[in-house]
Amino acid sequence: MTGRVSGRPGAAVNDGEDQGSMVGEPRAAMDLSELQQIRLAKATALREVGYDPYPTRARRSHRVDEALARFAQIEPGLPEGGEDAEAVTLVGRLVSRRHQGKTLFAHLRDGSGELQLYVRRDDIGVDEFDRLLKLYDLGDFVQAEGHLFRTRMGEVSLRVGGMTMLAKALNAPPEKWHGLQDTETRYRQRYADLIANAEPRRVFATRTVVIRTIRRFLDDRGYLEVETPTLQPLYGGAAARPFTTFHNALGQTFYLRIADELYLKRLIVGGFERVYEITKDFRNEGIDRNHSPEFTMLEFYEAYADYLTMMETVEALVVQVTREALGSARFTFQGHEIDVSPPWPRRTLREAIRDASGVDYVAHPDQACLLAAARAAGADVSEGTVWPRIVDELLKQFVRPNLIQPTFLVDYPVELSPLAKRKPDDPTHVERFQPYLGGGEIGNAFTELNDPLDQLARFVEQQRDRDAGDQEAMPIDEDYVNALMYGMPPTGGVGIGIDRLVMLLTDQPSIRDVILFPAMRALPTARPTGEEVAAANRGGSGAE
RNA sequence: GGGCCGCUAGCUCAAUUGGCAGAGCAGCUGACUCUUAAUCAGCGGGUUGUAGGUUCGAGUCCUACGCGGCUCACCA
């Protein structure tokens with residue numbers, strides 16, 4: 001860590017090696033803003049009258065929600081405006097302040113909520129009241145002890161008998177009414193966003209409920225949560241370009257995983273019957289509203305199941321997650337009322353495309369023919385587009401935007417799905433489905449291909465596309481084929497993009513709004529130099 | 001990568017045709033013992049993203065660059 005003491009990241013004010021200097025030493029103050037200097041002076045003033053602005057320990061008897069619950073219990077036995085006889089001690093951040101002569105109202109926020117503080121000079125003495133007015137600021141963490149009561153205006157409050165500083169804030173919080181609006185600052189300094197805005201606090205709390213509920217759902221059904229490699233010598237399981245990195249001691253290139261699919265299925269080969277993993281995948285491609293270079297993926301695999309079984313599981317999972325997170329199976333996304341109650345309609349990809357565009361891709365089995373038909377239907381497809389891509393374009397341009405209510409599209413052309421098993425009655429299609437919701441897909445699933453030689457043939461096919469310049473085609477994974485040669489039972493598998501699911505449930509239009517610290521271009525001063533990169537690759541970072 | 005838009009005080013935003021860079025919040029000083037966007041009086045606060053250019057004069061016009069947003073392309 002370098003010591004940066006400025007509101008703007010990248011505006012380093014303290015690049016020296018010495019780390020242990022006491023806060024409050026004015027050495028770094030040269031580059032502090034006027035407002036920061038004023039707060040720093042207050043911290044120094046506190047110290048001068050014997051109060052540590054950063055004491056080591058805090059004490060708390062109740063969280064805010066516990067205090068409110070306690071008062072609700074006790075209030076019926078109190079006279080009008082009476083106080084709880086027992087003292088409580090609360091901790092948290094000062095988020096608002098209203099001074100009126102010899103009294104002071106303020107709001108304290110902890111992780112569970114907010115509660116009003118009521119301070120009277122007569123209660124705490126002239127000196128302490130004065131300190132409170134002069135040396136405490138919005139954003140400071142404090143500890144307040146006192147008795148609960150209800151104000152004349154009807155708000156449960158703490159009549160403060162004593163207050164101490166827990167941590168002096170040098171940065172002022174953002175504007176209290178408009179919050180922090182600047183998108184870039186909200187992403188780069190998420191801490192400030194969380195302080196200032198209730199919306200991200202709600203979104204990320206919901207995200208946690210979603211993930212917790214998924215775990216419980218799968219745990220309850222006998223799934224084993226496992227961990228597979230992030231650093232992979234060979235990537236696979238999806239169509240995407242990987243990030244590349246290098247292991248110094250092994251002298252070897254690794255790829256950051258683009259999916260965990262192939263490892264999870266190796267575990268099915270090994271004899272685990274139900275496995276899942278919730279983890280980050282990394283794809284080296286463009287960033288937009290729906291794509292982040294690192295994102296969170298759920299994948300789960302079940303032996304002796306097929307894609308029909310998995311559709312029921314997905315419906316049950318999504319409705320349970322929605323109910324846990326929102327208290328209902330219905331919610332609003334970007335103005336659309338969505339109901340995820342099962343069962344969800346199932347339509348084959350072929351008929352969905354045919355109904356929406358008039359093009360039956362089965363009737364146009366070669367590239368030139370399908371391209372002409374697609375264009376005749378009004379699709380925007382460029383000249384060299386390969387056959388499976390044209391199908392994908394038809395899906396994207398005609399079908400997807402209209403899939404607002406939950407829908408399964410099923411049975412995809414084999415060319416689009418190198419890891420899925422062919423339909424028994426139609427070897428040109430595979431048993432695959434994608435759940436659509438709110439105009440986008442939230443996952444991908446199939447009956448897993450377990451014929452090792454068919455799998456090898458599909459890899460070879462992919463390799464041909466690779467050689468033809470398709471940078472997203474999968475490389476041949478011989479070890480995976482070897483695993484399949486030990487025998488993999490019939491298996492159903494599902495992948496669900498957690499970020500997109502959270503976007504839907506929290507009504508957020510951008511994936512960046514559901515990722516706490518979304519990937520951003522480094523600011524000029526924060527970007528490592530070529531020398532630093534070279535040194536890192538030379539070996540040994542020195543630090544853990 | 002292309003196109004469009006944006007970047008002004010700590011935060012939220014103004015600034016007419018190119019003519020003294022402003023307000024609210026926050027801050028500072030003071031008044032006020034049930035306020036809650038508290039109120040009232042006064043005060044301070046700016047390298048207008050960066051670097052050039054045009055001009056008597058640039059927040060405003062031009063060029064380049066940086067960062068971001070939207071969008072297209074790419075991409076599940």
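Proteins come first, then strands; the chains are lettered A, B, ... in the order of their sequence lines, and each starts at number 1. Predicted model, so just to flag it, every value in this text is computed and none were measured.
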Counting heavy atoms from C-beta on, name the nucleotide in [options] closest to the side chain of [X].
{"X": "A:Ile38", "options": "B:U12, B:G30, B:G27", "result": "B:G27"}
{"X": "A:Lys42", "options": "B:G27, B:C34, B:G30", "result": "B:G27"}
{"X": "A:Gln181", "options": "B:C70, B:C67, B:U12", "result": "B:U12"}
{"X": "A:His291", "options": "B:C11, B:G10, B:C75", "result": "B:C75"}

B:C13 and B:G59, which share atom name C1', separated by this distance in whole Å: 14 Å

P spacing across the pair B:U33 / B:G69, given as an integer number of angstrom: 50 Å

Neighbour count >12 (heavy atoms, 6.0 Å) for atom OH, A:Tyr118: yes

Residues, nucleotides or ligands: over 12 heavy atoms within 6.0 Å of A:Arg98 CZ: yes

Atom pair distance, as rounded to whole Å: CD in A:Glu175 and P in B:G24: 12 Å

Polar pair under 3.5 Å, donor/acceptor by atom type, side chain A:Gln116, base B:U35: yes

Watson-Crick/G-U partner (both atom distances under 3.5 Å) of B:U54: none

Atom of A:Trp344, atom of A:Val314 and distance for their closest heavy-atom approach: CZ3-CG1, 4.2 Å

